[in-house]
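Read the structure below first, then the notes.
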Amino acid sequence: MCVWKILFIFASSLNSAVVGEKIFKIRRGLDLPVAGSAEPVVEPFAAARYCIRPSDFRWMKVQLLAHEGDVLQVGDPLFADKRDARVRICSPVAGTLRQIVRGEKRCIRALVIEPDEKQRTSRDVEIPFRLQDANAWQVREVLLQYGLWPALRQRPFSIIANPDDMPRAIFVSCFDSAPLAPDFRVLLQDCEPEWLEGIRVLQSSCPGIPIHLGLRSGSDNSLFEATEGVRLHYFHGPHPAGNVGTQIDFIAPMEKGDVVWYIHPQHVVWMGRLFLHHLLSSERRVAITGPAESHPRYVSTTFGADLDSLLAPDPQGRAVRNIGGNLLTGILLDEFPAAGFYDTQITRILEGGQREFLGWLLPGLKKWSRSHTYTAWMSRRHFPFTTSMQGGERALVMSDVYDDVFPMDFLPAELLKACIAKDVEKMEELGIYSVDSEDFALCEVVCPSKMPWQQIIEEALYYIHDNK
Amino acid sequence: MAALFGKGKPLHAFQALFDAVDTFLLTPSSVTRNGCHVRDAVDMKRIMITVMFALCPALLFGWWNVGYQHFLSAGVDPAFWPAFGYGFLQWLPMAVVVYAVGLGIEVCFAQWRGHEVAEGFFVTGFLIPMIMPPDVPLWILAVATAFSVVFAKEVFGGTGYNFLNPAIVARVFVFFAYPSVISGDKVWIAHPGMSDAVSGATPLAMESVAQIPSNWDLFVGAIPGCIGETCKIAILMGALLLAFTKVADWRIMLSVMVGGVAMAALFNAVGMTEVPVLTQLLMGGFLFGAVFMATDPVTAAHTRAGKYVYGLLVGLVAIMIRVLNKGYVEGMMLAILLMNIMAPLIDYCVVQIHIRRRKRRITQSKHEKV
């Protein structure tokens with residue numbers, strides 16, 4: 001057994017992160033060479049309609065609280081979670097609920113709201129206590145009442161946090177490392193008081209629970225460093241350094257039974273705004289990015305705003321895919337091109353699917369590949385990414401390419417196999433509870449077998465959740 | 001045209017074949033839907049073609065060497081092009097038979113299962129003629145290929161699900177089922193002539209160290225042997241390409257070498273063999289096996305730590321078989337096959353250690369927080 005241990009320690013010494021002076025250096029990962037980051041220009045935007053998609057909220061069973069034709073104020077409840085009716089999603093805008101669009105098996109695809117003439121996206125509210133005097137349950141009740149609770153999500157499962165839980169810790173990733181990710185300095189510009197108040201709201205709702213902020217080492221973190229009562233952790237390296245799953249695993253790895261919460265800084269600002277200014281507003285910034293966007297920029301709007309008028313067609317008439325979120329984890333926007341509740345980014349990319357004669361044999365000078373089987377390694381330029389699958393789906397053959405893009409202390413291929421086999425015990429032992437499908441996005445990108453890694457992981461998580 | 005091959009259409013029975021030819025000629029038109037919207041350009045076809053490129057130097061040299069050995073044994077002065085052409089013509093029917101039989105079976109299974117034809121056999125079919133004696137009867141080659149494709153791969157689910165390397169299974173099948181065609185003095189030369197001027201035995205079969213060619217001759221490879229295994233320079237070129245493109249894991253290649261050196265040195269130290277360490281590595285199919293066979297990502301250990309152990313044991317066992325059992329002179333194929341069987345066990349141990357270590361890390365992390 002001793003030999004095993006020595007060999008294992010040797011292999012582990014090549015591990016992806018070293019801890020020293022509070023900086024986690026991540027070596028295994030990948031930044032896609034794709035063009036189209038947003039310029040730091042923020043434009044205000046008033047949408048002609050708002051589309052709220054229940055599918056933004058993972059596995060939520062929808063219980064409608066509003067009906068077609070209802071006149072809504074900002075913060076009026078639209079629907080709740082059947083499992084816990086306290087968890088509600090509220091209208092981001094004042095207007096009329098024009099349509100409830102249903103899909104297969106009558107599932108609700110979207111609630112379409114037509115804003116009123118004044119385009120009101122905020123409302124003054126009464127909060128009957130001072131934050132410093134309030135107990136955790138009072139604070140949570142206000143967040144639930146005004147539809148801000150869904151901003152808090154939990155691991156395991158990446159679902160909306162249970163309002164009755166007390167988590168082990170709260171994690172806030174203060175940078176996004178995904179391709180073409182928005183700059184948090186732009187997202188949170190002029191929001192310092194609200195941010196600080198928002199953190200106090202979190203502290204009041206979970207007294208004594210540590211709040212961990214994950215920061216990008218070497219960038220301007222003055223806003224976050226000014227926050228009191230939180231623990232700062234610095235991360236250095238490529239994506240997925242900014243994923244909250246990565247940060248959880250490096251800071252405080254989880255096991256079965258642990259629950260941690262996480263939240264996006266923009267949502268912290270929403271909470272701060274509510275308690276500091278008594279203003280209910282889901283105003284936030286969204287980056288419109290991508291190689292198929294001629295004018296990458298930020299827009300200031302609310303969640304659910306239909307961005308269709310902003311998304312200009314390709315000048316050369318090519319098909320463009322609009323993605324709600326980033327290239328790795330976003331959802332395909334078709335009928336309702338609105339930024340979802342958790343999205344801070346829209347990515348636009350050309351549709352692929354063009355067939356190429358003997359494409360697997362040619363040098364492929366314009367093809368990007370992390371492996372050295374194409375010539376991309378010689379170039380540092382951006383590549384013309386499209387949505388082409390670039391191959392057919394096969395069984396898992398190359399078992400180790402995933403380790404190079406997966407920084408956490410995991411065996412990704414082994415976990416995937418356990419997920420495919422629905423071997424819950426093995427999944428638990430291999431750490432399924434602290435990860436989400438997004439953590440495996442890079443494995444999916446580089447997979448030569450073109451396996452749907454994220455789908456497999458999400459289905460496995462659902463299987464565990466459903467059979468609990 | 002594709003519509004003719006759809007379900008319920010007249011040519012549906014040939015859909016797998018149509019898909020294989022279609023995606024061979026043109027890249028698939030499929031696009032991503034959910035999950036990642038962009039994908040790496042590498043796919044299984046690209047990986048397999050890279051392995052075939054890596055095998056090319058050894059194959060080209062093999063063509064020449066087959067002809068060279070033939071003319072040499074016939075007592076004829078071996079000129080370059082005639083030797084090359086002779087070797088090529090010797091290899092061509094072998095390749096045709098292997099691909100016809102193997103791909104035929106693969107296509108049938110793919111059609112039966114409703115899958116696409118996997119690319120794994122392109123490499124397997126490339127490897128099989130390279131590790132056979134140049135004179136092996138074609139019907140034996142066909143039977144061996146059919147046996148390996150069906151019983152080493154398809155019964156388990158096809159490429160990606162097999163736990164034994166199909167090319168090695170084909171060779172082992174011939175070795176045990178038809179020992180006369182793969183052992184003895186003369187089998188390693190194609191249609192040897194009657195001249196006694198040149199010995200036809202492979203270095204492995206030579207009992208006295210003095211008979212073994214010099215290390216330089218072994219390295220260059222103009223000696224009798226399988227088509228692909230003799231030239232170590234060509235194999236090293238392939239190894240460089242595979243390691244650089246990350247198609248094969250350098251960790252396995254390195255650890256096989258380390259295992260081989262360790263075992264050869266041990267046997268030398270205790271006086272069980274007089275063959276020097278370097279000669280052991282250069283003889284027979286050791287290097288070819290280390291570079292092209294042991295690194296098969298499906299049948300090797302899958303975990304990174306496991307790969308070191310797997311490679312090390314392949315090297316150790318190969319030399320052990322070679323030295324201790326004179327009957328099985330080519331220990332490499334048996335060592336790889338044995339370790340193919342052991343690889344899941346190695347992975348199991350690595351995963352268990354990982355799980356235990358992970359638990360310890362979590363406990364430690366919680367303790368620190370308190």
Side-chain angles (χ1 to χ4, degrees), chain A residues 4-5 7-8 11 32 252-253 255 321 323 327-328 330-332 349 351-353 355-361 364 367-374 385 387-392 394-401 403 409 411 413-414 429-431 441 444-446 448-450 452-455, chain B residues 19 23-47 49-50 116 118-120 157-161 244-247 249 251 297-298 300 302-305 307-309 312 347 349-351 353-355 357-359 361-363 365-366 369:
Chain A
W4 285 110
K5 279 187 181 170
L7 283 164
F8 199 83
L32 288 182
E255 64 181 337
R321 177 180 293 191
I323 299 161
L327 282 176
L328 303 180
I331 59 155
L332 196 153
I349 183 171
E351 283 285 2
R355 305 198 71 182
E356 196 184 344
F357 182 65
L358 295 182
W360 50 276
L361 185 61
K367 286 185 175 179
W368 174 81
S369 175
R370 201 194 143 272
S371 78
H372 290 175
T373 54
Y374 287 90
F385 282 91
T387 62
S388 273
M389 189 63 107
Q390 318 221 50
R394 297 287 183 268
L396 200 65
V397 169
M398 307 294 284
S399 53
D400 62 342
V401 292
D403 293 343
D409 182 23
L411 297 172
E414 297 302 316
E429 287 176 337
L430 290 169
E444 187 172 316
V445 170
V446 301
S449 301
K450 312 291 174 190
W453 280 69
Q454 296 191 77
Q455 189 187 331
Chain B
D19 279 347
T23 55
F24 180 84
L25 294 174
L26 297 164
T27 53
S29 61
S30 52
V31 292
T32 54
R33 298 305 298 170
N34 294 314
C36 293
H37 294 265
V38 293
R39 295 296 192 114
D40 195 309
V42 71
D43 67 344
M44 288 321 296
K45 281 193 177 59
R46 188 71 177 187
I47 288 190
I49 195 74
T50 308
E116 286 183 47
E119 293 80 2
T159 305
Y161 300 104
F244 177 72
T245 53
K246 301 181 186 175
V247 166
D249 207 323
R251 295 171 187 85
V298 178
H302 291 182
T303 51
R304 207 159 257 190
K307 281 177 181 170
Y308 290 106
V309 180
L312 204 67
D347 281 338
C349 294
V350 172
V351 169
I353 294 172
H354 170 85
I355 289 168
R357 201 171 58 94
R358 191 178 159 76
K359 271 187 189 156
R361 193 168 77 93
I362 292 170
T363 317
S365 148
K366 283 187 175 172
K369 293 286 175 291

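Values in this document were obtained by computation on a predicted structure and should not be read as measured data. So you know, we letter chains A, B, ... as the sequences are listed, proteins then strands, and number each from 1.
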Top of [options] for chain B proximity - count of heavy-atom pairs under 4.5 angstrom:
options	value
Q455(A), R321(A), E351(A)	R321(A)
L361(A), I331(A), I323(A), D403(A)	I323(A)
K367(A), E444(A), R370(A), E429(A)	E444(A)
I349(A), L332(A), V401(A)	L332(A)
G364(A), A441(A), G391(A), G392(A)	G391(A)

Side chain, backbone, both or neither: which part of Q390(A) has a non-hydrogen atom closer than 4.5 Å to chain B?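 Looking at Q390(A), backbone and side chain both touch chain B.
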A413(A), part contacting chain B, at a heavy-atom distance under 4.5 Å: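 Answer is neither: A413(A) stays 4.5 Å or more from chain B.
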Identify which of A41(B), G160(B), P297(B), S29(B) forms the greatest number of heavy-atom pairs closer than 4.5 Å to chain A.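 Ranked by contacts with chain A, first place is A41(B).
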Option in D19(B), D249(B), T363(B) with maximal non-hydrogen atom pairs under 4.5 Å from chain A: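 Of the options given, most contacts go to D249(B).
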Before giving the answer on side chain to side chain contact (heavy atoms under 4.5 Å, CB included), spell out for T373(A) and I49(B) the whole-Å C-alpha distance, their side-chain angles and the decisive distance to 0.1 Å. CA-CA 9 Å; T373(A) 54; I49(B) 195 74; over 6 Å; no
Find out whether [X] and [Y] are in side-chain contact, i.e. whether some heavy atom of one side chain is under 4.5 Å from a heavy atom of the other.
X	Y	answer
L430(A)	H354(B)	yes
D43(B)	K450(A)	yes
H302(B)	L396(A)	no
Q454(A)	N34(B)	no
T50(B)	H372(A)	no
S399(A)	K307(B)	yes

Can you tell me if R46(B) and S369(A) form a side-chain donor-acceptor pair at under 3.5 Å?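 No, S369(A) and R46(B) have no side-chain donor paired with an acceptor closer than 3.5 Å.
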Start with the C-alpha distance between K246(B) and M398(A), add both sets of side-chain angles, then the distance that settles side chain to side chain contact (heavy atoms under 4.5 Å, CB included), and finish with yes or no. CA-CA 10 Å; K246(B) 301 181 186 175; M398(A) 307 294 284; over 6 Å; no
Run the side chain to side chain contact (heavy atoms under 4.5 Å, CB included) test on M44(B) and S449(A) for me, step by step, so that the C-alpha distance in whole Å, both residues' side-chain angles and the decisive distance to 0.1 Å come before the verdict. CA-CA 6 Å; M44(B) 288 321 296; S449(A) 301; 4.0 Å; yes
Any salt bridge linking E116(B) with R394(A)? Criterion: basic side-chain nitrogen under 4.0 Å from a carboxylate oxygen.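 Looking at E116(B) and R394(A), the cut-off is met.
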Determine whether more than 12 heavy atoms belonging to other residues, nucleotides or ligands lie under 6.0 Å from atom CZ of F244(B).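 Buried by this count: over 12 neighbours within 6.0 Å.
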State which residue, out of K366(B), K359(B), R358(B), fulfils the salt bridge (charged side-chain N to carboxylate O under 4.0 Å, His left out) condition with E255(A). K366(B)
Which atoms of T32(B) approach chain A - backbone, side chain, both or neither, heavy atom under 4.5 Å: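 Both backbone and side chain.
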Given the options V351(B), V350(B), I355(B), E414(A) meets side chain to side chain contact (heavy atoms under 4.5 Å, CB included) only with V351(B)
